[in-house]
Each structure stands twice: as C-alpha cells, then as structure tokens.
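Working notes for the structure below.
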Amino acid sequence: MNSAASRVLGVLRSREMGILLAFVLVVVVSTIKNPGFVFSKDGWHDLLITPSILVVVAVGQAIVIITRNVDLSVGSMLGLSAYLAGTIFVKYPSIPWQLVFLIGLAFGALLGLINGALVGYGRVPAMVITLGTLYAYRGINVAWTGSNRINADQIPRGLQSIGNNSILGIPILTIIAMVVLLVAAWYMRNMRSGREMYAIGSEPDAAELYGLAKRRRVISAFVVSGAMSGLAGVLYTARYATINSQAGFGFELDAIGAAVIGGVAIVGGSGTVVGAAIGAFLLYTINRALPVIGIPDFWQKAVVGAMILGAIVLDRVLAVRQSRKLRETKEVAA
Amino acid sequence: SSTGTTAGTSSSKAANLAITFLPKNLGNAYFDTSDKGGKKAIDELGGKYAEVGPAAAAPDAQVQYINTLTQQGVGGIVVSANDKAAICDALTAAMDAKIKVVTYDSDTNPECRNLFINQATADGIAKVEVDMIAKQIGDSGEIAILSASANATNQNAWIDLMKTQLASSHPNIKLVDTVYGNDDDQTSFDKTAGLLSAHPNLKGIISPTTVGITAAARYLSTSSAKGKVFLTGLGTPNQMRQYVKDGTVTEFALWNPADLGYLAAYASAALIKGDITGKTGDTFTAGTLGKFTVGANNTVLLGDPYKFNKDNIDQFNF
Amino acid sequence: MSTVSTEVVKTYSDYGRPLWRRILFTREMAIVVLLIVVLVVASIQLPRFATAITVTNLLLDVTPILLISLTMAPVMITGDIDLSVGSMVGLSSVVVGLLTHSGWSIPSAGLVAILVGAVGGMVNGLLVTRFGLPALAVTIGTLALYRGMAIGLLGTTAITGFDRTWTQLAKSKIGDTGIPSVMILFLILLAIFVVLLHFTSFGRGVYAIGLSKDAAAFSGIHVARTRVILFILSGAMSALAGVFYTLRFTTARGDNATGLELAVIAAVVLGGVSVFGGRGALHGVVAGVLLIGALSNALRLAGVTSDVINIITGVLLVLSVIAGSLMQWIQSRRVRPVTTTASA
Amino acid sequence: MDNPQSTPVLELVGVSKSFGSVVALRTADLALHGGSIHALVGENGAGKSTLVKIMAGLYHRDSGTMDIDGHVVNFKTTAEAKAAGIAVIYQEPTLFPDLSVTENVFMGRQPLGKFRRIDRAAMRAEVVRLLAGLGVRIDPDRPADGLSIADQQIIEIAKAISLDARVLIMDEPTAALSGVEVERLFAVARSLRDQGRALLFISHRFDEVFDLCDTITVMRDGSYISTSPIATTSVAEIVRLMVGREVTTLFPKTVVPIGEPVLEVTSLTRPGVFSDVSFSVRAGEIVALAGLVGAGRSEVARAIFGVDPYTSGAVTVHGKRLPAHSTTAAMSAGIALVPEDRRRQGLVMNSTVSTNVTDAVRRNIDKLGFISKRQENAFAQSWARKLEVKTAALDSTAGTLSGGNQQKVVLAKWLASSPKVLIIDEPTRGIDVGTKAEVHRMMCELAGGGMAILMISSELPEVLGMADRVLVMHEGRLTADIPRATATPETVMFAATHAPEEVA
Ligand SMILES: Nc1ncnc2c1ncn2[C@@H]1O[C@H](COP(=O)(O)OP(=O)(O)OP(=O)(O)O)[C@@H](O)[C@H]1O
Ligand SMILES: Nc1ncnc2c1ncn2[C@@H]1O[C@H](COP(=O)(O)OP(=O)(O)OP(=O)(O)O)[C@@H](O)[C@H]1O
Ligand SMILES: [Mg+2]
Ligand SMILES: [Mg+2]
C-alpha cells in the first residue's frame, strides 16, 4: 500500500472521523424530520453559530488537556472578560471593536498566565489550581459586577451585528472560530512547541529527562486557554449582548466534554483541536436536535450525558484494538 | 429556645426597621428595579435597607441567607421564593425569632410568611398574555411558551391558567411546546432558537419572564422570523424598548416592579411596627401608592398588569 | 551492600522523624489548626457567631458535603474521582419525591433511592474499570446523565408535602446543644469509614492502589473490585445525602444540589487528599469541609457577600496546595526527586 | 587505551552530590577520551547513575569540576548538555508512547522549513536513513506505544546518533536486551568509537564490559577507586576493587533432595501470548525458565499467579486446582511472585519500606480485618533484618533505596508470605555481583528448605549455574526441558531460537 493511500485510510480511521460522522448523522436525521433544521436561513445560521463560542474555548481546553493538564476555570475567565468587554463598551461606546477583541484576548491570557504559573511553579495538579481559580475568578466577577448587568441597548449595534450577522451565509462568529481553529491546528501540528506539548502530555517524566522546556510549554498552554476564553468572552458579549455576573457559568464541563467527545484523551498526549471543535459542534447540535427529533426538553441533558459516555467508550474500544494491532505487528521487525 | 437571645435586638422597644430584600438571585434586572423601590420606601421610613442573595436562583442558597438573617436578627425579610416549600422551614424559624416575613413576586406556602405581596392575580396575568397573543396572531395558529425554571411556582400557575383560557376561549390556537430558559439569558436565547427550528409553523411565543422575553426578542430581531413570529409576555420597558421600536415586539405587559418592592417594604414595616398583623381585612398606607387592604390568604394585590406598546413605552424608565 | 556484610545485626528505627513532628507537621494538622483559628477569631469578632443557632445552621448546611466527602476521599485516594455526586443527590431527591408521591413511606423510598445511588455508582465503577477509562471523563458523562434523568423524571414539578415526622427529624437537634441529630448518623458513618480506611487491610489496599495500581495488583489486591466498591459507596452515599437534602428542604427537585461536586472536591482537596491518589486522611477531610463551612458562615454573618466567600474559598484552595509544594520545594533543594510528579 | 597526553573530551574531578542526608557521590573522577569506550562499574548505589545525571545536566553537582575540552561547564538543563554534544541513554527508555517513531527521534530538534514549520518529509527521510544504518526495520510512522524494550532501546540509540554527539553515555543499556540485540548494539557502539567519539558504558555484566570496552573505572560508595586499561586487569581484580573483598562463588549451588511436585501447569494457553505450556516444579527444585526477551516467560508467570487471565489449561498446587485470574487464590495456595519490573510491579515506590514488606501479607497479620501500624512495623522489622536491607528507618520511601536494596525489599515481601512456590522473575536484573551472590545463596537456602522455585532469567550463566532443570521458551511455547547435567549454553540457546518442531 503506498503512503498516500495509507494516509487517506488513516484519516478515515482517525478518531475525529467517527465524531464527524456522528455529527453528520444527527444533522441528517434532524433535517429529515424537519428540513428547516438546515435548509432555512435561521436553521443554517443556528447550526453554525450556536457551537462557535464553545469551539473557541474547547480549542484552548484541548491544548491544555493534551499537555496532561485540565483547565476548570474557563467558564469563569469567559465571564470575567465578557463583563470587561461589556464595561468597556459602556464606558467608551466609540471604541473600535477590534481593540476590544485584543483586550479580551490579552486579559484572558493574563488570567491563564496566573493558572499556568501556579501549575508550573507550584508543581501541583492543574485540577486543584483551576478549581481554585474557578471560584476565585467567578468571585471577582460577582464582586465587580454585583447585581449590575449590561443590557443589549448598551452594546453598540456594530458589535451585536458581528455577533449575529453573516458573510456569504456563514456567521461572522463561526468564521472567527474557524480562523482560531485553523491557526491552533496548524500550530499544534507543525510547530516544534506544539509537538512538544504532545510529548509532555504523553510522558511528562520522559519529557523532563529529555530536556524539553516542560514548565514553559505548560504555562503557554494555560495562557492559550485563557486567551481563548477571553476571546470567547468578547464573542459572548457580541452574541448575547446581555451580561451579568453569571456569564459562562458551568462552561468548563461543556468545554471538557467537547474535547473528550472529540477524541482528546483526558490523560494527555493524543487528540487534536479539530476533534475538540467537532466535539463542540456535536454537543451543542445534539441539544438543538433533540426537540426536533421529538425528545422532550427535559431529557436533553440525559441524552448528552449518554452521548459523552458512548463517545469515550467507543474511543477506548477503538484505541485498544489499535494498540493490540501494533503489538502484533512488532515482531515483523525482528 | 436559644433563638430568643440572638434575636434580642428585635424585642427592644424601638421597632427594628432593618429590612432585607432577598430576591431569587442577584444580577436580575427585574429584581434590581423592584428592590430599588424597596430601598426608596425604607429610606422614606428611616429604616435600614439591605439586599442579599445567591448568584444563581437556587432554594438551598436562599435558605442559607435566611438563616444568616435570622442569626443577625433583622427586623424583616422580603423574599421572592425560589421554591415554595424548600425555604419554608427557614422562614418559619425566622418568624419564631420575631422577624416579619413578607414574600413578593413568588410566594411560599401561606403558613411560612406573614404576607404575600401579589403583583397581579394569576388569572389577570394569564388573561392579559393570552389576549395579547391572540390579538397579534389573529386568534389562530401554533404558539409556544418560553418560561423561567421548570419549578417556578408563579410561572407554572400562569401557564396552567393560560392553558385553560386557551382551551375555553381560543380553540384555534394550539400550544405546541413549553421550554425553560431558567431565567438565564444564554439559555433562553438558545431555547428560542430551538423553538423556531423545532416548530416551523410557529406563529407566536409567550414568555412570562423578563429575562426570557428579552432574550427571545434579541434572537427574533436578527432572525428571518422577525415580523412573522409574534412575541409577547412580561418584560421591562427599558429592556424591551429597542425591540418595540424596531418592530420585533408589538405589545407586552408588566406591573411596575419598583412599585412592587415599594409596597412590600411598606407592608414589612407595617408588620414590624405592629400596625397590622397580616390578617385579612387589615389596612395600611404604602407611601405614595396609597392605601391597601389585606385580602384572602394574607395577600395584598398591587393591581392589574399594564400593557406597553410603541405609543406609551417612552413614558417609562425601569 | 555494605562492604563488610557480616556486621552485627542492625535494628531499624520504625520512623525517621520523631513522633511530634509526624503528628504536627502534616497537611491535615495545618487544616485542623486553621479551622480552630477561624472558629476562635469568628467567635471573638462576631458576637452572634458563638451560638447554638450557628452550630445548627453550619452543620446542617455542610451535612451533604460531609457525608459525600467520606466516600469521595477514598475514591480520590485510589486516584479516581467522582464528579457525578451532585447529580446523584438530585436524582435521589427525585426518586424519593416520586415514590412518596405515589404512596411509599419515607424509609422505603429512601432505601430505593440509596439503591439507585449504588447502581449509579456501579455504572461509574464498571465503566472505569472494565474499559480502563479515566474516572474524570466517565463521571463528567454521568454528571450530565444523572442530572438529566433527574430533570427528565420530574419535569416541571417540585414534589413537596413530605411526612412531617421525617422532615422534622432531619432538622431536629440534640437537646439544647444546637447540634443536629443527623450528626449522630454522620458520626457513625465517620467511625465506620475511619476504621475501614485507616485500620483495615482493605484501607491499606486503597492507598496502595492510589500509589501504584500495578504493584497493588501484584500484591494480591483486588484493584478493580476495590475501585468499583468505592464508586458504589460513593453513589450510595450521595443518594443518602440526597434523601437528607430532600427532607431538610422538604422539596424534591431535579436541580437540587447543582454544582455540589465541586464543593465536595474543593473541601476534600483542602483537607489534604491528593488528586493523584495515595495520600489523605479523614480527619483532614472533615476539617476541610468544616473549614469552608465555618468560613462562609462567619463571612455571611459579617455581611460579606457571596462573591468574597467564593474568592476566599478559591484562594484558600490554591494556597493550601501551593503551601505543600512550597515545602516540598524547600526540601527539594536538598533532595530532588527523580520521578517528578506529573500534573494531570 | 587511554592516551594520557590527549585532553579528555569530558572530564570530571572531585565531583560530589548529596540528597539530603544521603551522600550519593563523595569524590568522583572520570575522564572520557575520543575514540574510546569507557566502562563504569560499581555496586548498586555506588553513584554511577547519579554521575550520569550530573553529566546530563539533570542534577547539579555540589562541588568538583566538570570540563569539556578543558573548559569548565555548568549545565543547568539537559538541553544545555545536549547542545554541548552529550547524549545519554538512560536505563529506562524516555520515549513518548503516543508519538510516532520519527517524532520521538527528533523531538525538540525537528528540521524546519519555511515559517519554522516542521519539515516532516525531511524528518522522516532522515529517520529511515538512521534506522537503515542501524540495520533494523521499524515502521517510522507507527507510535512508540507497543514497541518491545529492545526496539525502544534502538530508538534511543537512533536518537543519540542523530544528535551527532561527541559523548555518548549508556546507563545499563543491555539490562533488558537479549544476545542478538546486545551484539547489534555493540556493533553500533564500536563504529561510533571508530568515528572518534567518546562512549561511556555502565553495566553489571562483566563479560560485556570486557568484550566491548577498552578502559574501566571502578567506583565504590560514591568515591573514585581506580581507572585501568581493560587489557591489564581481570574480572576478579575488578570485583575485588568494587566490593572491597573477594567474591568467591557467584553460584553457590547446593545439592538438596528433590521432593514431590508442588506446582503443576498443564496446557496453559492464552491466545497470542503463550500456548500449551505444561511443566511441573518439585519441592526443593530450582527450575529455570530461559528464553529470549519477549518469549512470553513473564506472561506465563503472571498467568500462574493470577494477575493475568488464561483461556484454557490448569494450574495446580499440591494437586489442588486454582481458579484462573485470582491472585488471592494463588497466594493462599502458597504461590509468590517476585515480578521483573520492581519499580512498577514489585514495589509501591512512594510507599514506606514497612508497608511494602507487609503489602502482600496484610491479610495474614491483621486481626479480624484490623491492622495496626505497630504490628506492621514489628513484622517488617524482622524481615528487613533477615535480608539486611540497607535503610535508615522503616518509614523511608522505598523509591529512595538503591536498586539492590529495593530487590531485597521485594524478596522480603514475598518470603514473608512463607510460600511453597516461589516464582522469581529476573532475580538479579540490575544487581551488582555482591548482592547477586547473596540472592543466589538465599535461593539455594530456600530450595533446601523444601521450597519449589521457578526462576525466570535472561542471563545464561545464572540459568546454568543455579537451575536443576532448564525449561526453554520460544515465541510462547515450551521448546525444551533440559536437566542440569546436559544443559550447556549451546543446548539452551538452540532451543531458545528454534520453534518446537525443529527440536529433535
Ligand atoms: N534522588 C535521590 N534521592 C535520594 N537518594 C538518591 C537519589 N538518587 C540516588 N540516591 C542515592 O544515591 C546513591 C547512589 O545512587 P546511584 O543511583 O547513583 O547508584 P548506582 O551506582 O547507579 O547504583 P545501581 O547500580 O543500583 O544503579 C544511592 O545510595 C541512592 O540511594
Ligand atoms: N524517585 C526516586 N527517589 C529517590 N531515589 C531514586 C528515585 N528513583 C531512583 N532513585 C535512585 O536511583 C537509583 C537507580 O535507579 P534505577 O532506575 O537505575 O534502578 P534499577 O532499575 O534498579 O537499576 P540499577 O539499580 O541497576 O541502576 C536507585 O539507586 C535509586 O535509589
Ligand atoms: Mg543506576
Ligand atoms: Mg520478561
């Protein structure tokens, strides 16, 4: 078998492919039930835009998980930067929105840096640190926001149109998410530092013996995750235009869920950001598809849970089969 | 019992006009407005206003706050219940400690409070919403309801009444779905999207919650369903103004939440001072709002809901 | 491998450090001390704090967390984690509600709920051990699944109107002490779990599994069985907490105790249990739960808002683990471990 | 041999290193020259690995000097050492299981194209070339997960070669390799030497040291003892320098009466791993299970002990059949297994010495399920004394003991269960001569006491020196059962490399 063909086969057999198929299946079934699910302006728009914010956060989360860490504070970081973005718009209504995007990114990166530094220098599990900052960042958010909220009429129409308008039939938010995704995917695949993140997650001890800049990579993974959450916060402001102290509450589980469903191994070292993005699409589309398929609102969460379990069990079964095959082929060399 | 000593200040001669508002959650525009009304009343009375509450609308967190207020020995608690039974015991303990308990907006079981300040009768609210949607969609077609949480007492009561009224007076209107946005902006927004994709023939949405109607309006305003799917329900003028002006929403209703808080504060003060006990037939004066009489079930009624539309919305600011 | 191997037979000292250092210089003790400090300072600063009513409210508030932490600690000591506990509280509450609504008595409904919890825990455990899946991923899934079932089963309604004798019992106090009677149940369970974890060979197995699953398996420890048992106990205990929750708040709701899992984990970790497994003790865990409870109670009483309480909880959590690794770091200037601790 | 005139490529003088109160190195000296393979030997815990890690930049020396080409260097990270041309092959392979072979070889120094993009094609081509140069066929695109230890070691070597290092350090690279693989490794090492590089080779196997190296440095208790050309020294001389005394008999085999069969294995099969394995071990008998690494010996042992399942066949002890896949049943029937990987399987490394000693017997020393620290310590105390474990206190962490002492703790753990059958997998892997002799003496004593011993070993001298009977496995099947009298290196190796049909 030549290498091009085997590469094509490899892509087809990859973890991402399975989830993509599941996503397509959900969309097809819903569309058969109700053609408007895809073939209406709103259906198409919602199909693309609903998961877009989660895609951005899940990309950051996936990178962190690949380094064998986890970031539970993404929801809190999203909330803080959404409120920051809203406040800036209220105070300086004429500020160019591009600048606010940059501020959101930078602010999120700063929060992520705190996480990363604590994990990297404290040599303590990321789960504990980010559980702590989940509480702390949310607390700061509530302290700052109080019972205030920012309402849609305080957010410039320009920004809101970014949050809801489309270019060539594709929502701007989705385009932003896709750009982020492509950059991250390219980086994780083609840059040394991206590959080192995989190495660190695959075997941290070996990475240390090998002399990889483990601490630096882990910190940068958290900075990226923070920046993505910060960006997502601004996108949240653009899309929902109403922000109180609870924006993004509970988002961490969605983000981790998306990554896990998308084939990012929770023990690090494998999976891709593209998979996480597809996971995000699947997770949120399922949510919207269930009522169409006829499953009552109340059971949606249960179905989502069952799906997460199905995805990880399937993924595991495939991985076991794969590694058995590898073991069997090892003697060929001898 | 030991509670007597901790609540010592409340048994002193001067009336303890420390009144604390405990809304369903903080950061909710509706309660912001109503509690500001409460503050205005308490300032007029020379009392001490405070507002505490959980970040998310859950009954267990409310219980913790009620317990703390009991420990602190405040004079009165004005609370909007997240669950009609869950916070009952905590409120009873507060009343045992001589704290006056007034519910507003969302009631508890009657035995757990001294008074309920009702913004409008459930019947009146249901009727106004059904009438508005019937008028907007031409009295026939599919409609859906976007409610708050599945457990919200007041919401569920209204929804039940709406169903009865639809069945009896509007046979051509079909209620196809009820979804829950949990009074969370993002959830309500996404649920609206879900409703529209699940029911392509939908003609109207009733959202009897201020968070829900705002989120739904924002979704509709940029969607192609704008002008085709009618939206009405309970909303505040400030939040709905732009959608009324851009034609997304024709008409919606609400009482004045500031008046609700204002009335609740006065009722609480009247109870603390011993002017009333809360029994049916008691009367008291609520500042600029005038005189009120306690009705059946120890309930005080604020009045009828008020309809807002293009013509009158600019006269209001809350 | 001494050069001359025929020396006098050596006697080994049992411990490298003196007793007082072993007892005082532990993570658990630090939390106990911190708890005492908080209690003392709060009693001095807040006149209304040192009262029976505080004791009642504080203990009632933390009871679900206390109960669940008893099983969360051993689950985490084996290196697993159970994120589905909060959802199981909700599901159990709904089961109790539905059954009593259809005429069952509270005890029998409660038993069924605990059974449901045990089954839910078993599902977690089997998914983790049979498929070799990480507990974090599995229980994120069941977190959604169990919560979804709870909400799905009960729909819009909240079931209320439970038998008053039981709802009163859930809140009753022991005499004038202000200590809730449910503490007796907790103390019995605590005693059982202390013995189980710290004084039996089962407990020794739990720690060995957390430190090295391979070595434990080679020592004849039933690794998979132990882990499944702990998940079952975790599910059952969460369900018990759910029964208490339902009775205390006299309402059965699908969304009861949303987010409780993070509160439990925060308290357990604060109490010195390592998320990598193999480390932790129940006195620290109980102190951790009470510390967070007492702190929030005192702060609320002092009029501090929930946001500050959140910030303090978060910072405390981070500080408590950083402090440990700070000491490790100081030691590591002398002894540098070859196998550095991985972060997960 | 050493050329005293030329400057050493790498030289360490008076290097010391302490871990807390443990002095790992006192005064270590070492000089490596280009074009030479230098051996470093010493007892377990002599400080060899510590010295390696200092050269690698992983540890920082407390005092002393380290020079490269006569210039003082102070590595703060392993990356600096690598940049200075020092490549290290650690005993435990440092591969990333999820990444491809290619990526493993080039991690952190991948060839770059435009925009600092990794040039995958160039990288792959280079790996193909490297592997071909080493004469192995490993798919460069497969993940490292699932590679045999030998193949992993090859990747490590490819990595080191690709670094184009001037100094190549190998810390016990042969411990897990079979004869063929060792030869291949040596061929590579010699060609590197001929290119003028400096090599350091650490091993406990003297035949290899004398075969490969030209110079030998001996260390004892963290101190430098001597350096001499291989040509002018002898094994006995080196052993005396290492241990500080004569080690007379490495294999103190004693003749003991052989009793009834204790362990009987019939037609044990686990598809894909081993099949139709039948043999028995009698009381007082030491049976060796020989074969190449990967022949499936450890897997058979694990199945007998119940850690792994088997699909058909039977295991009986004293005629009583054991249920499959139950370690507790095996243990209560009197089987003990000292596993091959003591760091992962034998010991709980982060646990204390006393817990480790009692881990397997905790169900015997408890009272009604209750166990106390006092009982445990008393029990551990007696066994630590019997085996003369070198440790400061019983609550020291097992992981801080040297390799040989860790092995003693594992032995103590299993002897404490007073087994009737002792299965011991690679009993002296990574153990120095002195300790090795002790372990062998202990095995003979135990056999003399009526214990049935099944010893898995990859070291032919050990197999021939200790066994009453040699079983040989090849690719999951038993290929020979050779009594002590007729066991020779040739008969054993023939059976180890040939399928059963070919055995006459
Ligand atoms: N990280 C560490 N912490 C504490 N002690 C250590 C550490 N590393 C090594 N030691 C101790 O230093 C001494 C030297 O160990 P080293 O690993 O260098 O020996 P070695 O010569 O490689 O022995 P072996 O042949 O068993 O590998 C031993 O007593 C060991 O216990
Ligand atoms: N985590 C650790 N803490 C302290 N010391 C350690 C640690 N890991 C290893 N060591 C020390 O490093 C030394 C060598 O470890 P290594 O892995 O080489 O042992 P091994 O596999 O037994 O082989 P050998 O002993 O033959 O080198 C041991 O003496 C041990 O004391
Ligand atoms: Mg060594
Ligand atoms: Mg083997």
Side-chain angles (χ1 to χ4, degrees), chain A residues 67-70 72 118-129 131-146 203-205 208 214 218 245 249-250 253 256-257 260 265-268 296 298-313 316-317 320, chain C residues 81 83 87 123 127 131-134 136-138 140-156 254 258-259 262 265-266 269 274-276 305-322 324-326 328-329 332 338-344:
Chain A
T67 64
R68 199 179 277 195
N69 287 287
V70 70
L72 292 178
L118 286 171
V119 172
Y121 286 94
R123 287 166 163 261
V124 270
M127 203 179 127
V128 183
I129 293 294
L131 179 60
T133 52
L134 171 144
Y135 280 112
Y137 292 164
R138 180 66 66 190
I140 292 169
N141 194 350
V142 179
W144 179 22
T145 319
E203 194 58 73
D205 293 344
E208 188 116 331
K214 189 172 146 192
V218 169
S245 62
F249 189 84
L253 292 183
I256 298 170
V260 167
I266 200 95
V267 290
F298 298 126
W299 287 96
Q300 284 184 26
K301 198 166 185 146
V303 174
V304 168
M307 267 194 34
I308 295 180
L309 292 176
I312 56 176
V313 168
R316 180 70 194 175
V317 169
V320 167
Chain C
I81 195 163
L83 291 178
S87 300
V123 170
L127 282 172
F131 292 99
L133 292 166
L136 184 68
V138 167
I140 281 183
T142 50
L143 164 87
L145 179 65
Y146 299 156
R147 180 67 71 191
M149 287 167 68
I151 295 171
L153 280 173
L154 204 48
T156 60
T258 302
L262 292 187
I265 291 167
V269 169
S274 157
V275 290
F276 294 135
T305 41
S306 63
D307 40 298
V308 182
I309 298 171
N310 264 350
I311 299 176
I312 291 179
T313 309
V315 170
L316 198 65
L317 192 60
V318 170
L319 273 186
S320 76
V321 282
I322 293 284
S325 76
L326 209 69
Q328 249 178 26
W329 182 73
S332 80
V338 171
T339 41
T340 50
T341 31
S343 32

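Reminder, nothing fancy here: chain letters follow the sequence lines and each chain counts from 1.
- The CG atom of C:L262 sits 7.0 Å away from atom CG of A:L253, with the distance rounded to the nearest 0.5 Å.
- For a residue to count as touching a neighbouring chain, one of its non-hydrogen atoms must lie under 4.5 Å from one of that chain's; by this rule C:L127 touches chain A with the side chain only.
- Rounding to the nearest 0.5 Å gives a distance of 10.5 Å between CG of A:L309 and CZ of C:F131.
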I'd like to know whether A:L131 forms a side-chain contact (heavy atoms from CB on, under 4.5 Å) with A:Y135, so could you lay out the CA-CA distance, the side-chain angles of the two residues, the decisive distance to 0.1 Å, and finally the verdict.
CA-CA 7 Å; A:L131 179 60; A:Y135 280 112; 4.0 Å; yes
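- To the nearest 0.5 angstrom, C:M149 atom CE is 11.0 Å from C:T142 atom OG1.
- Both the backbone and the side chain of C:V138 have a heavy atom closer than 4.5 Å to some heavy atom of chain A.
- With chain A as the partner, the residue from C:S87, C:G314, C:A266, C:G152 showing the most heavy-atom pairs under 4.5 Å is C:G152.
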Start with the C-alpha gap between A:V124 and C:V275, add the side-chain angles, then the distance that decides, and say whether side-chain contact (heavy atoms from CB on, under 4.5 Å) holds.
CA-CA 9 Å; A:V124 270; C:V275 290; over 6 Å; no
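- Of all the listed residues (C:I312, C:L133, C:L136, C:T313), the one sharing the greatest number of non-hydrogen pairs under 4.5 Å with chain A is C:L133.
- In terms of heavy-atom pairs under 4.5 angstrom with chain C, the leader among A:V313, A:V260, A:V317 is A:V313.
- Ranked by heavy-atom pairs shorter than 4.5 Å toward chain C, the options A:L118, A:T133, A:V304 are led by A:L118.
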